[in-house]
Every structure is written in structure tokens, then in C-alpha cells.
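As C-alpha cells, the structure follows; a few thoughts come after it.
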Amino acid sequence: MPAAKIAKKNPRAIAEAIVAELQDDPLFAEVSIAGPGFINLKVTSQMLSAHLIELAESENKLVANTGQGQMAIVDYGGPNTAKPMHVGHLRASIIGESIKRTLKLIGYDTKGDIHLGDWGTHMGMVISEFEIRHPEWPYFDKSKKDGFPEEPPITIQDLETLYPQASQASKSDEDRMAISRAATAELQKKQPGYYALWQHCFNVSVAAMKNNFAALDVYFELWLGESNAQDYIPDMVTRLQEKGDAIEDQGAIVIHVQREDDKKEYPPLILYKRDGSVMYGTTDLATIVQRMDDFSPAKIIYVVDQRQHLHFEQVFRAARISGIAPETTELTHAGFGTMNGEDGKPFKTRAGGVMKLEDLIKMGIEKATQRLDEANIGQDYSAEERADIAHKVAIAAIKFADLQNSRTADYVFDLDRLTSFEGKTGPYLLYQTVRIKSLLKKAAAQNVESKKLSALHLAEFETQLGLTLAEFPNVVELAAKNYTPHVLADYTYRVSQAFSSFYGNCHILNEDDEDIKQTRLYLCAMTLDVLERGLDLLGIPTPERM
RNA sequence: GCACCCGUAGCUCAGUGGAUAGAGCACUGGUUUCCGGAGCCAGGUGUCGCAGGUUCGAUUCCUGCCGGGUGCGCCA
């Protein structure tokens with residue numbers, strides 16, 4: 001049809017010419033024209049059979065190596081130290097994790113960087129709050145330069161209750177805010193006592209985060225943050241000023257990023273505020289300097305809330321203008337939509353607060369445990385295995401419910417949906433993998449191991465399943481190109497459905513015809529492989545049984 | 001005011017110029033002496049926000065309008 005447009009010919013005529021060309025191609029069992037010029041191709045079962053065997057035996061599942069070992073940095077997660085992780089961190093973590101895993105499969109050397117918010121005003125609020133409450137602590141003795149206690153004076157629970165109070169106090173009282181700002185400035189100068197206390201807050205927060213992320217099966221190669229980029233700032237700004245890219249404007253040092261042909265207004269990126277302190281744009285730009293120095297990445301992907309899009313455009317423009325990031329390094333803000341409540345506003349609990357990520361996971365686990373009990377499953381399993389299953393089911397439910405939404409759109413937080421186990425859900429996908437594992441174990445017990453085959457016997461349901469399995473590399477490439485995990489989520493569901501349909505209609509172990517039986521076993525093993533790989537790209541681990 | 005995102009079935013969402021616009025939930029019926037019923041099969045639902053335009057063809061691209069959300073120099 002598009003060819004007709006280019007050639008300015010009747011699409012039907014072009015279709016006929018193409019069909020004539022393909023008619024005798026041995027790949028196709030049937031070539032026909034439909035409607036205004038659609039060409040329907042039906043591959044032969046020999047061709048499909050050969051292709052499926054190739055796919056099954058391919059180590060990389062026929063996914064093209066587009067990355068060629070180049071470095072891709074995925075910046076995601078981005079929690080702040082001293083603040084509890086809430087459900088809002090869910091998307092940033094799991095979308096980023098999936099994008100990173102997908103880029104790895106297409107051949108990139110990937111590094112996930114958590115990019116902690118550990119150097120901002122919120123840390124000044126917390127530290128000054130401690131000083132107000134515990135002025136006797138050694139950290140607040142301005143004459144003391146070293147020898148601070150090694151044991152943290154605080155726990156994560158202390159931080160979680162203290163931060164909201166410190167924040168509230170600062171926001172509602174100008175004088176209190178001035179104290180927070182002053183503490184922030186002192187901290188950023190690495191005043192010894194403050195810095196030692198900051199280090200404790202950092203360590204305690206990071207330990208708690210690691211638990212949260214491990215529960216979600218999210219892992220970072222780099223635990224860097226704003227504080228790590230600070231050392232790059234002074235030289236960077238000096239260089240930019242010498243080059244004339246950064247100039248003084250209204251008392252601040254800024255980079256203008258507006259272009260002649262822009263339709264809208266782009267505010268300049270502020271490097272130093274009037275009072276001489278830095279902003280997060282400064283840190284983000286310095287972080288690019290650091291990343292270029294350390295890794296010369298081909299891509300830096302930021303998985304951050306869509307609302308920060310303008311900010312990233314400013315940073316990216318500044319990075320190009322200054323030459324900090326060469327044109328060969330792709331800078332992309334893969335933004336995601338906000339999690340809204342039923343009222344269309346950013347999600348809040350009924351009490352008006354935020355729901356902690358831990359609590360959401362706990363609810364999912366409770367529901368999964370209850371399900372195990374009700375269905376009389378796993379009475380004979382060990383307590384450890386039951387706990388592991390409940391955890392995996394809960395994580396699958398939560399992550400899949402989120403990841404199946406397209407990245408950019410806002411979506412409605414629905415607790416029932418996030419902890420639902422039926423229909424288009426994570427647990428449904430796990431269930432399919434578990435059924436296959438169980439079946440393959442039975443086959444092994446009956447000494448009917450599936451073998452390497454040279455040809456498959458493909459009837460209706462086998463073909464349907466096989467065609468779906470064959471889509472794997474295309475789906476991976478699409479998800480990688482657009483940074484859209486939801487196409488993978490949708491695909492794993494379609495594979496599961498195709499398998500379930502096949503399974504419901506075809507007997508396997510008690511099939512008499514040996515060729516058919518072997519083909520079906522082969523497809524089962526292949527489905528399991530494709531499903532588990534797809535789920536792995538989504539960051540969803542599967543249990544052995546459930 | 002300007003810019004960006006969104007508007008698709010009762011609800012939650014897919015749908016990157018193609019055929020009769022699809023899933024899940026909810027609702028109804030069927031399905032288990034047989035490999036795991038968290039399953040399978042069947043049933044029907046649409047002014048694709050509205051109005052124009054481009055195109056052989058528009059849910060998709062363009063323009064305008066309506067409705068919702070978000071962002072817009074010294075917070076992150």
C-alpha cells in the first residue's frame with residue numbers, strides 16, 4: 001500500500017506483481033490478495049518448523065546485537081536519602097530495571113545508576129532538626145574535627161518520622177527554613193560534624209533502600225548520587241565561563257538554552273544561584289561530566305517522572321552547547337506518568353499520606369499467602385518455600401499490573417488491581433510457567449525427555465503458539481527502541497494465552513503419536529524459555545511451583 | 001498566557017497510516033473420572049471527546065475547539 005503511493009500506481013496492480021513474484025517461493029504455502037491490495041502470506045509448516053528450531057537453539061533467541069557492547073547508562077530509581085520509599089517510587093524503579101535488562105539483551109553493556117537524592121535541602125532540614133533536638137551530640141560541636149562515633153545515632157524509623165516533621169516545620173516557618181538552608185550550605189562545605197552525621201543518615205537510608213529494591217528484584221550497578229557529582233562542579237563551571245557558554249545573569253551563573261526557532265520559552269539552566277549555591281541542574285550536568293569521564297556511554301537514559309521533562313531538555317541542551325556530551329552520546333528522558341488516585345490527582349491514601357512501598361508489598365504477600373491456604377496448595381511445602389512463593393506471586397502481581405501500562409501515560413492506582421491474581425496479571429503468567437515446569441518434570445519421570453528435533457509436527461494449536469513464540473525478537477527490539485516495557489508485558493501475556501489454549505486443546509504426555517508428542521513437549525520447553533526470558537526482562541522471577 | 005501529556009466498551013487499559021478497533025475486570029452460560037480450574041470455551045457492548053483538513057484509507061498525522069492533568073529562572 002505504501003509502495004502504491006510512491007509508485008503512483010493502483011495498489012491492487014502492485015500487489016499482483018508482488019504476488020506473481022512470491023507465488024513460487026517455497027517459504028509460502030499460500031500467497032493471496034485481499035481487499036484493496038493487502039497481501040496475505042501463509043508460511044509453510046516446514047518453514048515455520050525450521051524457524052522455531054532455530055529460535056529455540058539460538059542462545060540470544062535471535063535478538064540482533066544492536067548494542068555491540070557499547071555502554072548504556074540507565075538512571076532510575078532516584079530515591080532521596082532520609083525519606084521513606086513510597087508507592088511513587090515503584091514506577092521509577094521497575095520501569096528503569098526493565099529498560100536496563102532489555103538494553104542488555106540487545107547487546108549493550110549496561111549500568112543502572114540509582115542517582116540518589118542525597119545532597120539537597122532536605123538533608124539540611126534533617127540535620128538541623130537533629131541539632132535542635134539533640135544539641136549535645138558531638139556532631140554539633142563546631143570545634144570538633146574528627147573522631148565521631150562509628151555507630152549511627154539513629155535508625156531508619158527515626159529518619160522516617162523525623163523527616164516529615166522537619167519538612168513541615170521548615171515549610172511553615174521562614175526562620176526555620178533559613179536554618180535548614182544554612183545547614184545545607186554548611187553540609188555542602190563538608191563541615192566535619194554535619195558531614196559525619198550526614199554519612200550516618202546516608203548509610204542507614206541506603207541499607208533500608210537495599211531491602212526495598214531487593215524485594216522488588218531491582219538492582220543497581222552504581223550507587224551514586226548528587227553528592228558524588230559535587231567535586232566536578234567547580235572545574236566544570238570555570239571551564240564553561242571561560243568558553244563563554246556560562247554567563248552571569250541577574251546575579252546568577254547560567255547557560256542560556258533558548259534557540260532561535262523555539263516556539264516556547266526555555267528558561268536558562270542555572271548553575272550557581274545568586275547566593276552561590278548549586279541547583280539540581282548543576283548536579284545533573286556535572287553527573288554527565290562524570291559519566292563521560294568514567295564510561296563514555298553511547299546512551300544515557302533517564303527514567304524519571306514526566307513532570308521533569310523541561311528540566312531534562314534544559315540539561316541536555318546545556319550538555320550539547322557546552323560539548324560535555326558529544327552528539328554521539330544519546331541523551332533521553334524516558335519519562336513516566338504519575339500514579340493518580342481515583343480523583344485524577346496524584347495518589348494519596350485515605351488518610352492523605354503516601355503509601356509506603358513496603359506496606360504495598362506486605363499487602364500483596366498477605367493476599368498471596370491467603371490464596372495458598374484457601375486453595376490447599378503447598379501444605380507439604382516448607383515454610384521457606386511457601387514464603388518464597390507468596391513473595392514471588394505478590395511481586396509479579398504488583399510489577400505486571402504497573403508495567404502493562406504504557407510508560408508515558410498517567411494511570412490510576414488501584415490496590416485491588418495491583419494485588420489481583422486472575423486475568424491479565426503477573427500471577428497468571430507465573431501459573432503458566434509453573435504448569436509447564438510441572439509437566440516437564442512428569443515427562444522426565446516417565447522417561448520421555450524432550451529431545452532435540454529436526455522437524456516439528458505443527459497442527460492448528462501448535463502453529464498458533466509457534467507463531468506467537470516467533471515474535472520474541474521483534475518484540476524485544478521494539479521495547480528496546482522505544483523504551484517501552486509494556487509491549488513486553490503484553491507479549492508475555494499473549495504467549496501465556498496461546499500456551500493455555502494449546503494446553504487446553506492438546507494432550508501431551510498421553511499422546512500416542514510419538515512425533516506429535518515430541519513436538520508438543522518441544523513447544524512446552526520453548527514456551528517456558530520464552531516466557532521466563534520475557535518475565536526476566538520485566539524483572540519478574542518465577543517460582544518452581546505455586 | 002505559553003508549552004507538554006491525556007480523552008478508546010460500565011470500570012482499568014492496549015492499539016508506532018491499513019482489513020470487521022482489541023484485552024482484562026464486571027455480568028451470563030458451559031467446562032474437571034484425563035498432563036495444575038490462579039485455567040479453558042462461548043455470549044455483547046463503542047458518536048475512538050467535538051469539528052474540520054491531508055490521504056485510496058485516520059483511533060493514529062495536521063489545525064481549531066471542549067474537558068482533565070502537568071510544567072513554565074534562583075525547590076528537587
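Convention: sequence-line order gives letters A, B, ...; per-chain numbering from 1.
When the side-chain nitrogen and oxygen atoms of A/Tyr280 are compared with OP1 and OP2 of B/A76, none of them lie within a distance under 4.0 Å. Residue A/Arg494 places none of its side-chain N or O atoms closer than 4.0 Å to OP1 or OP2 of B/G22. Distances shown here put a side-chain N or O of A/Ser501 below 4.0 Å from the OP1 or OP2 atom of B/C41. Side-chain N/O atoms of A/Ser500 include one lying less than 4.0 angstrom from OP1 or OP2 on B/C40. Note on A/Lys441: every side-chain N or O is 4.0 Å or more away from OP1 and OP2 of B/G36. Within the structure, a side-chain polar atom (N or O) of A/Ser438 is placed less than 4.0 Å from OP1 or OP2 of B/G36. Within the structure, a side-chain polar atom (N or O) of A/His486 is placed less than 4.0 Å from OP1 or OP2 of B/G15. OP1 or OP2 of B/C75 lies within a sub-4.0 Å distance of a side-chain N or O belonging to A/Lys273. Note on A/Gln497: a side-chain N or O is less than 4.0 Å away from OP1 or OP2 of B/G24.
Nearest-nucleotide positions on RNA chain B place A/Ile39 closer to the 5' end than the other of A/Tyr272 and A/Ile39. Each of A/Ala34 and A/Ala252 was matched to the nucleotide of RNA chain B holding its nearest heavy atom; the match closer to the 5' end belongs to A/Ala34.
Comparing atom distances between the A/Gln308 side chain and each of B/G36, B/G24, B/A76 picks out B/A76 as nearest. The listed nucleotides are B/C35, B/G24, B/A19; the one nearest the side chain of A/Lys424 is B/G24. The side chain of A/Ile270 sits closest to B/G73 out of B/A14, B/G73, B/A19. When each of B/A76, B/C13, B/G71 is scored by its nearest atom to the side-chain atoms of A/Thr121, the top-ranked nucleotide is B/A76. Nearest nucleotide to the side chain of A/Met279, out of B/A14, B/A76, B/G24: B/A76.
Rounded to an integer number of Å, the gap from A/Arg417 CZ to B/C25 P is 11 Å. As rounded to whole Å, 15 Å separates atom P of B/G36 from atom CD of A/Glu544. In this structure, CZ of A/Arg545 is placed 17 Å from C1' of B/C35, rounded to the nearest angstrom. When the C1' atom of B/U12 is taken as reference, atom CD1 of A/Ile398 falls 17 Å away, rounded to whole Å. Between the P atom of B/A76 and the NE2 atom of A/His309 lies a distance of 20 Å, rounded to the nearest Å. The distance from atom CD1 of A/Ile377 to atom P of B/G39 is 11 Å, rounded to the nearest whole Å. Rounded to an integer number of Å, the gap from A/Asp416 CG to B/C13 P is 14 Å. The distance between atom CG of A/Leu429 and atom C1' of B/G24, rounded to the nearest whole Å, is 12 Å.
Judged by Watson-Crick or G-U wobble contacts below 3.5 Å, the nucleotide B/U54 has no partner. Nucleotide B/G71: paired with B/C2 (Watson-Crick or G-U wobble, both distances less than 3.5 Å). When both pairing distances are held under 3.5 Å, B/U20 makes no Watson-Crick or G-U pair with any nucleotide shown. Base-pair partner of B/G7: B/C66 (Watson-Crick or G-U wobble, both distances under 3.5 Å).
No contact: A/Asp414 has no heavy atom under 4.0 Å from any strand. At the heavy-atom level, A/Tyr428 lies under 4.0 Å from the strands shown only through sugar-phosphate atoms.
Comparing B/C6 with B/U45, their P atoms sit 29 Å apart, to the nearest whole Å. B/C48 and B/C61 are spaced 16 Å apart, taking the C1' atom of each and rounding to whole Å. Remark: the separation of the P atoms in B/C66 and B/A51 is 15 Å, to the nearest Å. Straight-line distance between the P atoms of B/G52 and B/G57: roughly 16 Å, to the nearest whole Å. Distance noted for atom C1' between B/G43 and B/C56: 37 Å (whole Å).
Looking only at distances, a side-chain donor or acceptor of A/Gln230 sits under 3.5 Å from a matching main-chain atom of A/Glu226. Counting only distance, with no hydrogens or angles, the side chain of A/Ser98 and the backbone of A/Ile94 share no donor-acceptor pair below 3.5 Å.
Ring geometry for A/Tyr163 versus A/His122: interplanar angle over 60°, hence perpendicular rather than tilted (30 to 60°).
By the 6.0 Å contact criterion, NZ on A/Lys441 is enclosed, its count of non-hydrogen atoms from other residues, nucleotides or ligands being greater than 12. For CD of A/Glu265, the number of neighbouring non-hydrogen atoms (other residues, nucleotides, ligands) closer than 6.0 Å is 12 at most.
Between A/Asp490 and A/Lys424 the shortest side-chain heavy-atom distance falls below 4.5 Å.
Lacking a ring centre under 5.5 Å from that of the base six-membered ring together with a plane angle below 30°, A/Tyr503 does not count as stacked on B/G39.
Residue A/Asn40 places a side-chain atom within donor-acceptor reach of the base of B/A19, judged by atom type and a 3.5 Å distance cut-off alone.
Judged by the 6.0 Å and 45° rule, A/Arg371 forms no cation-pi pair with A/Phe421.
Ionic pairing of A/Arg307 and A/Asp410 is not present here: no N-O contact between side-chain nitrogen and carboxylate oxygen is shorter than 4.0 angstrom.
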